[in-house]
Every structure is written in structure tokens, then in C-alpha cells.
Amino acid sequence: MQLARFPRARLAHLPTPLEPLDRLSRELGGPTLFVKRDDCTGLATGGNKTRKLEFLLADALRRGADTIVTEGGAQSNHCRQTAAAAAKLGLACHLVLQSSSEAQAPDYEETGNVLLERLLGAELHFVAASADRSAELRRVAEGLEAAGRTVCTIPTGGSNAIGGLGYVSCAFELLQQAQQRQLAIDAVVHASGSGGTQGGLVVGFAAANADVATIGFDVTAVPPEIEARVRDVVRGTADLLGLPGGIDPARVILRMDQAGPAYAVVTDAAIEAIQLAARLEGLLLDPVYTAKAFAGLIALVRDGYFKRSDNVVFLHTGGTAALPAYTTQLTDER
Ligand SMILES: *Cc1c(COP(=O)(O)O)cnc(C)c1O
């Protein structure tokens, strides 16, 4: 496998399970639905960033880094997984966390992922919603370098060419699971935020010559940016792997209809998705990412987008560690 030439730190529980969603499939009356449990990657409550970090942190170690700096929103799952991975690998970790521009609960910057990051020993640098977060990231990194640390900076969501390799490997893993069950997967549906998950999947399916539609639901509410981010990862990761002829741009299917008014604003459709998945399957979704993507999947099924004979996989990318930060939205408003 081409992936074997890239250094990789073993951080995730792999393969993640591929499970049927029998009751949901019956309830919705459309294609046969499955869930790929990347919420169960195992590292400090799991999630999709762990696959990317296997390649990103191995690269950082190879370059002699002793300190990791990364950034995200206040309830970033990426930052929590980076803090855990850094702890496991003996690296210092600094997180630049941006306050939400939306009204959130009073304990939004203390509970959920923030609590876990503190337990994991990361150093947190909060910036205001209006601040230039990348500038603060550079400032923190430069300060650490000046103090003699060897710093590796990881971009938002771990979404660059190297991070994309994590989801190339997920695509391969999923195809292998499907083959073992003699299952033909027609589509994978998931949330897209910084683009690495979708970009990596697209490259992986293309590399394997697999005809699997990769349908990403935007959660950022900034359509031109998400499109550019996914395409950047596709280009960068395909280049790293030396894929001849590049990737057919039509392999990237982005849907913009579930983001709601803004990132981290809970929508009614997301709440419906959370309740449906929880009550029919015992499956927990998060309101920022997976519930919006699952709401999108429900809408596609109801619109007759899929054939009854299709096999559709929902990629659960994690995020449930953030649930306590949304207690108000998930209870009071109901
Ligand atoms: C980061 C994240 C995503 C989005 O993945 P990207 O690779 O950033 O597009 C989806 N779901 C959860 C729970 C996440 O934390």
C-alpha cells in the first residue's frame, strides 16, 4: 500500500466498526443505512481528527518537534484530540481557542472539550471572536520558538495534505470492510468543516478506483471557503501520493443546505436528527457537525435522492464530547 511509506504514529483504535442502522433504515424507508464509527477511534473520547494526527504527529516527531501548537473554535474536537495525542507522544501542546461569535451557554469555555483539554495538560490561549486567530497562533508559536522549543504548527482541523492521508486510509479500511461483507457501498455521507475528511476520502476512493459518492455537508456556513479547503486537500494529498492524472473534480459532492445561520448554531433539523439517532439506534450525535450531516442524510432520503437498493454509509466523525456545552439548546428549546 502506498500509505506505508509515510511515517505514522499509532493513536487510533482501528479498524473502526461498520454497523448497520436497521431501525433507522426501516423508519426512513429508503436505502440501507450503515454507520462507520469514527467516533470510536479511542483517543480521549475519539473522533475523526485522530486519523489525521497519526500522520501529522509522526511527521512532527520526524522533524524533531517537542511542542505542538494548533487552533480551533472554543469547543474544537480537533484541539481536544491533538491535546490527547500530544500527551501520549510526550509532546507539549498549546491550543489557540476562539470564543464563539454566537450566543452560547455561560460555561461554554469551561465544559465539554475545554474541560478535557485541561485534564490532558494542554495550555490554552483564548482569543475573542473578533480576533485574528491565525495571527495569535503565529505569535504563540514564535514565543515558544524564542524560548527554545522546537514547534510544529498544525492547521485548523489538521486539514492539509499530510492530514488527508488519515482519510485516505479510512477509505481503504471501509472498502476492505465492505469487501469482506460482499457489500457494495454507493455513498458515504459526513460533515465537512476544514475539508480534510472529505478531501482524504475522495483521494482514497479515487486511488482505489472505487465508485463511492462522497457527500459532505458543510457545517461552516461559508460555502466558498469549504469548497476551496476540500479541493486544496484533494490536490495536496493526491500530489503526496503521486497519483497520476489528478482526481476528477466531480468526486467532491458538497451540500450547503444544513449549516444553518452559522457554525455551532444548533438547527431544528439537527435536533430532530439527534433525537432520531439516539432513540432508534442508541447512537449519539453532536449538534455542531454530525447532527447537521445526519439531518442532511435524512433530507436526501426523504427527497428520494438514493435508490432503495443503495447502501449508504454515514461516517460518524465524533464530537459528542462537546454535548455538555450545548445543554441549553438541547433541552430548554424543546
Ligand atoms: C472536525 C470535525 C468534522 C469535520 O471534519 P473536517 O475534516 O474538518 O472537514 C466533522 N465532525 C466532527 C465531530 C469534527 O470534529
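Counting starts at 1 for both ligands and their atoms, in listed order.
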**Study point:** Partner residues of Arg308 under the side chain to side chain donor-acceptor pair (under 3.5 Å) criterion, sequence neighbours left out
**Key:** none
Check your understanding: Arg231 side chain to Pro249 main-chain N or O, any donor-acceptor pair under 3.5 Å?
Key -> yes
Exercise for review: Let me know which protein residues bring a heavy atom to under 4.0 Å of ligand 1; chain then number is fine for ordering.
Suggested key: Asn48, Lys49, Lys52, Asn77, Ser159, Ala191, Ser192, Gly193, Ser194, Gly195, Gly196, Thr197, Tyr289, Thr317, Gly318, Gly319
Point to revise | Pairwise ring pair (Phe, Tyr, Trp, His ring centres under 6.0 Å) hits with a residue in residues 69-127, at least two apart | key: His94-His125, Tyr108-Tyr326
Exercise for review: Check side chain to side chain contact (heavy atoms under 4.5 Å, CB included) between Asp310 and all other residues, then give those that pass, not counting sequence neighbours.
Suggested key: Pro31, Asp186, Phe306, Lys307, Val312
Practice item. Decide yes or no for Thr237 and Val168: does some side-chain heavy atom of the first lie under 4.5 Å from some side-chain heavy atom of the second? Key: yes
Check your understanding: Can the ring centres of Phe314 and Phe34 be said to be less than 6.0 Å apart?
Key -> no
